Amino acid sequence: MTIVGLILAVLAFLLAWPIPAALACFRGDPISEVVLWQAVGLSGGLSLIGAALAFAVAPGTTSLPQGLLELLRGETHTQLSLVAWVFLIIAVLLIGRLLGCLVLTFYSARKARLRHDEILHLLSEPSATYPDTRIISTDEVVAYCLPKGPRKGTAVLSTGLIKALDENERTAVIAHERAHLDFRHDVLVIPFAAWHRALPYFSATAIGLNSVNRLIELMADDQARERVDPQILAQAVQSAAEMNPEHRGDLSAQRIRRLSHPLDSTRIPVRLMSIGLAAVLLLVPTLLILTPAAFGI
């Protein structure tokens with residue numbers, strides 16, 4: 001199992017730095033990128049934990065499940081060296097931290113949403129024009145959404161944004177926010193937030209979280225195209241960027257550029273290729289852990 005542990009350790013290293021760094025530079029179909037990021041996160045976690053467990057089990061074991069089963073039965077624990085015990089403890093702590101952070105992040109996000117909803121109802125008024133939309137009184141250009149469940153939630157606009165945009169642009173902004181709610185993009189982000197919370201010193205977790213936050217904005221734009229003219233949404237983004245310095249970034253520029261052109265006709269083949277690559281990324285550590293004989297090890 002030492003060879004399996006070394007291979008998994010190398011794979012974990014690649015998925016912790018060079019691969020995420022390269023993926024962050026990729027600019028293509030947002031759904032394809034999100035699929036790849038999910039595969040990188042899952043495969044990296046499997047590789048990291050699998051490497052620690054592979055170094056922990058008895059050297060003569062032919063597969064990791066067999067070695068763990070023998071260890072749980074108390075058949076091989078006396079054969080473990082001090083180093084093996086250290087790796088076993090590391091693996092258990094990693095599993096506990098990753099799962100614990102995932103649960104805690106889900107709980108924290110839900111609690112924050114409920115608290116935000118209470119404050120929002122105190123400081124805003126329901127829109128008489130747009131359904132499921134509330135208006136907050138501020139000169140700042142603000143638009144966001146607050147999810148409440150499957151395909152439910154509230155779009156929030158500021159009076160500053162309403163004054164800055166015309167009717168069509170406001171409708172386009174709301175379509176963008178409704179896309180976030182309909183496809184529950186907030187749930188998509190939570191695993192990456194938990195990943196970063198669990199392993200904040202790994203650059204891959206920060207890169208992945210920032211990338212997915214960017215990608216869900218592009219996904220909402222693409223989904224809003226089905227309801228509104230993308231050129232009008234691009235103009236709304238441009239107007240917001242001109243009035244609010246916080247919107248004058250690379251993301252706004254990328255959104256405007258994408259909305260100003262038709263969707264790439266090759267996006268479906270690219271998605272299929274991304275799904276295939278993601279499957280490979282997941283299968284390699286899984287097979288190494290379950291059946292290393294498949295690789296001749």
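Computed from a predicted structure; not experimentally measured.
Taking the six-membered ring for Trp and the full ring otherwise, Tyr144 and His116 have centroids separated by under 6.0 Å.
The closest donor-acceptor contact from the side chain of Arg227 to the backbone of Ala224 lies at 3.5 Å or more, if one exists at all. A side-chain donor-acceptor contact under 3.5 Å links Arg170 to the backbone of Leu165. A donor-acceptor pair is defined here as one N or O able to donate and one able to accept, closer than 3.5 Å; such a pair exists between the side chain of Thr205 and the backbone of Leu199. Distance alone, capped at 3.5 Å, is enough to place a donor-acceptor pair between the Asp166 side chain and the Glu169 backbone.
With Leu146 as the fixed residue, the side-chain contact (heavy atoms from CB on, under 4.5 Å) test singles out one of Leu114, Leu181, Leu120: Leu120.
The pair Arg73-Glu70 fails the salt-bridge criterion, with no side-chain N (NZ, NE, NH1 or NH2) lying under 4.0 Å from an Asp/Glu carboxylate O. With respect to the salt-bridge test (charged N to carboxylate O, under 4.0 angstrom), the residues Arg225 and Asp222 qualify. A salt bridge does not link Asp221 to Arg258: none of the charged side-chain nitrogens sits closer than 4.0 Å to a carboxylate oxygen. Salt-bridge formation is detected for the pair Glu33/Arg214: a Lys NZ or Arg NE/NH1/NH2 atom is positioned less than 4.0 Å from an Asp or Glu carboxylate oxygen. Ion pair Asp186/Arg184 flagged as a salt bridge, since at least one NZ, NE, NH1 or NH2 atom sits closer than 4.0 Å to an Asp/Glu carboxylate oxygen.
Under a hydrophobic clustering in which Ile, Leu, Val, Met, Phe, Trp and Tyr are joined whenever their side-chain heavy atoms come within less than 4.5 Å, directly or via other members, Leu272 and Leu23 fall into different clusters. By the criterion of side-chain heavy atoms lying less than 4.5 angstrom apart, applied directly or through intervening Ile, Leu, Val, Met, Phe, Trp or Tyr residues, Trp37 is grouped together with Leu277 in one hydrophobic cluster. Cluster annotation: Val40 and Val284 are assigned to the same hydrophobic cluster (Ile/Leu/Val/Met/Phe/Trp/Tyr, side-chain heavy-atom contacts under 4.5 Å, transitive). Linking Ile, Leu, Val, Met, Phe, Trp and Tyr whenever their side-chain heavy atoms come within less than 4.5 Å puts Leu288 and Leu14 in one cluster.
Rounding to the nearest 0.5 angstrom, the gap separating the CD1 atom in Ile95 from the CG atom in Leu48 is 10.0 Å. Atom CG of Leu71 sits about 10.0 Å away from atom CG of Leu64, to the nearest 0.5 Å. Considering CG of Asp117 and CZ of Arg134, their distance stands at 8.0 Å, rounded to 0.5 Å. Going from atom CH2 of Trp85 over to atom CD1 of Ile90 covers 13.5 Å, rounded to the nearest 0.5 Å. To the nearest 0.5 Å, atoms CG (Leu46) and CG (Leu281) are separated by 11.0 Å. Put simply, CG on Leu218 and CZ on Arg27 are 8.5 Å apart, with the number rounded to the nearest 0.5 Å.
Atom CD of Gln231 is surrounded by more than 12 heavy atoms from other residues, nucleotides or ligands within 6.0 Å. In Glu226, the CD atom is not crowded: 12 or fewer heavy atoms of neighbouring residues, nucleotides or ligands sit closer than 6.0 Å.
Between Arg178 and Asp132, some side-chain heavy-atom pair lies under the 4.5 Å cut-off. The shortest distance between side-chain heavy atoms of Leu69 and Pro65 does not fall below 4.5 Å. Using a 4.5 Å heavy-atom threshold, the side chains of His176 and Arg255 count as touching. The side-chain heavy atoms of Val156 and Thr133, taken from C-beta on, include no pair separated by under 4.5 Å. In this structure, the side chains of Leu8 and Leu53 stay at 4.5 Å or more apart for every pair of heavy atoms. Looking only at side-chain heavy atoms (C-beta outward), Ile268 and Asp29 stay at 4.5 Å or farther from each other. Within the 4.5 Å cutoff, no side-chain heavy atoms of Thr159 are placed close to those of Ile136.
At a cut-off of 3.5 Å, with distance as the only test, a side-chain donor of Gln238 or Glu242 sits close to an acceptor on the other residue.
Ring pair Phe55/Phe87 is tilted by interplanar angle, where 30° to 60° counts as tilted. Note on ring orientation: taking the six-membered ring where Trp is involved, the planes of Trp17 and Phe13 are tilted (angle from 30° to 60°).
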Exercise. Could you walk me through whether Leu188 and Met219 pass the side-chain contact (heavy atoms from CB on, under 4.5 Å) check?
Worked result: CA-CA 12 Å; Leu188 191 62; Met219 289 168 63; 4.2 Å; yes
Problem set entry | side-chain contact (heavy atoms from CB on, under 4.5 Å) between Arg113 and Ser108, intermediate numbers included | CA-CA 9 Å; Arg113 283 198 304 269; Ser108 299; over 6 Å; no
Exercise. Are Leu122 and Glu118 close enough, and set up right, to give a side-chain contact (heavy atoms from CB on, under 4.5 Å), and what steps lead you there?
Worked result: CA-CA 7 Å; Leu122 292 174; Glu118 292 175 358; 5.8 Å; no
For this session: Run the numbers on Glu217 and His185 for side-chain hydrogen bond (donor to acceptor under 3.5 Å, both in side chains), then give the verdict.
Result: CA-CA 9 Å; Glu217 295 301 323; His185 291 161; over 6 Å; no
For this session: Please lay out, stage by stage, how Thr171 and Tyr130 fare under the test side-chain contact (heavy atoms from CB on, under 4.5 Å).
Result: CA-CA 8 Å; Thr171 300; Tyr130 308 107; 4.2 Å; yes
For this session: Could you walk me through whether Asp182 and Lys152 pass salt bridge (charged side-chain N to carboxylate O under 4.0 Å, His left out), step by step?
Result: CA-CA 7 Å; Asp182 289 345; Lys152 296 180 181 179; over 6 Å; no
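Counting all heavy atoms, side chain and backbone alike, Arg97 lies closest to Pro200 at NH2-CD, 4.5 Å. The shortest non-hydrogen separation linking Thr105 to Cys101 is OG1-O, 2.6 Å. When all heavy atoms of Ser32 and Ser274 are compared, the pair lying nearest together is CB-OG, 3.1 Å. Taking every heavy atom of both residues into account, Ala143 and Leu157 meet most closely at CB-CD2, 3.9 Å. Scanning both residues, Leu11 and Ser47, for their nearest heavy atoms gives CD2-OG, 3.3 Å. Counting all heavy atoms, side chain and backbone alike, Leu102 lies closest to Ala194 at CA-CB, 3.6 Å.
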